[in-house]
Protein chains: 2
Amino acid sequence: MTGRDSMAGKNDNDVSRLDEAARAGWLYYVAGNTQDEIARKLGVSRQSAQRLVSLAVTERLVKVRLDHPIARCMELAQKLRERFPLQSCEVVPSDPATPASIVGIAQAAASEMERHLKSQEPKIIAFGTGRALRASIDQLPTMDCPQHKVVSLLGNMMSDGSASAYNVIIRMADRVNARHYPMPLPVFARSKRERELLHNQEPVHNILELAKDADVTFVGVGNMGETAPLFVDGFVSRDEMAALTAAGAIGEITSWVYGRDGDLIEGLTNDLVASAPLARSPDKPIIAIAAGEAKVDAMLGALRGRIVNGLITNELTAERLLAR
Amino acid sequence: MTGRDSMAGKNDNDVSRLDEAARAGWLYYVAGNTQDEIARKLGVSRQSAQRLVSLAVTERLVKVRLDHPIARCMELAQKLRERFPLQSCEVVPSDPATPASIVGIAQAAASEMERHLKSQEPKIIAFGTGRALRASIDQLPTMDCPQHKVVSLLGNMMSDGSASAYNVIIRMADRVNARHYPMPLPVFARSKRERELLHNQEPVHNILELAKDADVTFVGVGNMGETAPLFVDGFVSRDEMAALTAAGAIGEITSWVYGRDGDLIEGLTNDLVASAPLARSPDKPIIAIAAGEAKVDAMLGALRGRIVNGLITNELTAERLLAR
DNA sequence: TAATTTTGCGGGCAAATACTCACAAAACGC
DNA sequence: GCGTTTTGTGAGTATTTGCCCGCAAAATTA
């Protein structure tokens, strides 16, 4: 809070460069200038102007939103809402070339998150983990909302103590100024007893209470098998995965493994998972963010078992969900 | 809800064309495809793909938002807040080539409107008229918010009964599904007596009551003289304008003409203006949307007189306001 | 301080995009 | 049903943009 010399504009650090980038991006995307014009107006070379514009893009200063109800997507969302017990459902177009891509889903999810974050009343917003969720966070604008609490549903430590890459809360803290509560816990405890001990720690207990009262929850959905996030990221071994599959496991949300009707698998990893218990709230939104052929079965289980009551996915995945 | 052959994509009416445009725009801006790839994916020629993308832009399906606090603008906004009695103030960059342009202001204003429209509690939102306001409405996404009421602060009829081009409420009704109340009134009555009669009509009376209770108000600011909107659009004659200027008039908001300290001019057009009375609320936001060298004096008057307590303008105008 | 690495810049060029034009199909009016 | 207008299409072309490269300034290290 000391004096700052923002007038000078000569303290050529990252900030003033991003500032220029924002200006260039503004002139390009909002005012519709050509990069040549921008170069002249900002007094730099055309190439530099180009660099500034592309910097504005890569730094996600420019956010593009598409605002048209694409009939096919609306229709699919409608059908999904009819078929499954869903409060809300959003379907975004797929890129036919990379139908499993989370491009687009991230934007849609971010826009939904933003809606909640913009609310004036204090809210507790809970987050799972995963690639899609993490990509969504990256799409959030910087916001100031001290009234909210952002809480993690699960730890991000490997059993050896190293941190997983997909912890969304930390990322989120960079962008959104709200109270945030990362879960200082491994994904799996080494024994039921250890899990109990961990959960009874004062701060962890607090966070679990917060999570239970979450006003809105965003989670990813993990599949089983060779491509399972749990396996790929090294949280469960090949043998454990095989045992889970043999026990009828079909998917996983915040590392809680469930079967084809969304019923939790007894024993195995579920005895050790340290994540907050799954809350099946009928009224508070619990929104799954997921897409891809591989996740269809897992998503079906979560929907049937009402583990989630909201869904953000893409066209192709929506079609596959309805085809079953 | 009958069977539809949406896969075929051959029911070629306007809707499906915009749909295609949205899809193309999505693939281009969100998924980052080249127009060539889009052409192949949608099965059209590259030129058609280009047309679809540019259609998506001209139809305002793609909305670009810039999300970086440009230091200079923040600083100007801060200073304006310090100098004038403003609750809120936003300054957007100017395009150095066309500093009077409302490009950018419209986007910022739209985003502010959207913020209010997204609120869950029912709100009454009041609107004046003007080019900037109208351009802002065009930047709004389509929204569904039946909980709100959108009310016009003034009529849009010329004295001969023809409609002015800048009625924002009608435009708004296209985009935002809320209850809307256009004011079925001319801008000026022909006598004080007629004004009284008009205002006592049941529907008009209702709307005036709504306007009085507005939770948030957006207005434009008009200057006096040869370029005055009131004169250019033919609501007042050259002679009347001269009389106003002679009486010390400096600006106008919803056709209420005021002097350099924001005090209403006695008599003249103010005896006849049929707009809702100006409410000087200390707590409910009344936001002026205006920019341009010509409007600086008018804006200063409105600020001094606390006719507005919020401001959205651009860099250049902000500088001029502070220079006085 | 000198050597080395890093970073940013402008020139040039290939790719991508926007625009113009002539033409054809659909919509419209009579 | 026939001419007229409107709307959309593809080809060609000018403009704009993205990217690679060598160079020089700045930062880093020894």
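By convention in this document, chain letters (A, B, ...) are assigned in the order of the sequence lines, proteins followed by strands, and residues within each chain are numbered from 1.
A straight line from CD of Glu37(B) to P of dA16(C) spans 8 Å, rounded to a whole angstrom. Taking atom CG on Asp36(B) and atom P on dA15(C), their separation rounds to 12 Å, with Å as the unit. Atom CG of Leu52(A) and atom C1' of dT7(C) are 14 Å apart (whole Å). Note: CD (Gln35(B)) to C1' (dG10(D)) measures 15 Å, nearest angstrom. In this structure, Asn33(B) atom CG and dA16(C) atom P are separated by 12 Å, rounded to whole Å. Distance Gln50(A) CD to dT15(D) P: 20 Å, rounded to the nearest Å. Here dG18(D) presents its P atom at 10 Å from CD1 of Ile38(A), a figure rounded to the nearest Å. Rounded to whole Å, the distance from CG on Leu27(A) to P on dT17(D) is 12 Å.
One cannot find a donor-acceptor pair under 3.5 Å joining the base of dG11(C) and the side-chain atoms of Arg46(A).
Using the six-membered ring where Trp is involved, Phe127(B) and Phe218(B) have ring planes that are parallel, under 30° apart on the 30 and 60° scheme.
Listed for the Arg81(B) side chain is a donor-acceptor partner under 3.5 Å among the backbone atoms of Cys89(B). With hydrogens and angles disregarded, no donor-acceptor distance shorter than 3.5 Å links the side chain of Ser111(B) to the backbone of Gln107(B).
Residue Arg51(A) has its side chain nearest to dG10(C) when only dG10(C), dT9(D), dA18(C) are considered.
Within the nucleic acid shown, Gln47(A) comes within 4.0 Å of at least one base atom, counting heavy atoms only.
Phosphate contact (OP1/OP2 of dA16(C), side-chain N/O of Tyr28(B), threshold under 4.0 Å): absent. In this model, the phosphate group of dG10(D) is approached by a side-chain N or O of Ser48(B) to a distance below 4.0 Å at OP1 or OP2. Dashed line: the shortest gap from a side-chain N or O of Thr34(A) to OP1 or OP2 of dT17(D) is under 4.0 Å. Using a 4.0 Å cut-off, some side-chain N or O of Ser45(B) falls inside it from OP1 or OP2 of dG10(D).
Ion pairing between a basic and an acidic side chain is recognised when a charged N comes within 4.0 Å of a carboxylate O; Arg23(A) and Glu315(B) show such pairing.
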Requested in this report: Could you check Leu133(B) against Met113(B) for side-chain contact (heavy atoms from CB on, under 4.5 Å), going step by step and ending with a plain yes or no?
Outcome: CA-CA 11 Å; Leu133(B) 217 42; Met113(B) 289 173 193; 4.0 Å; yes
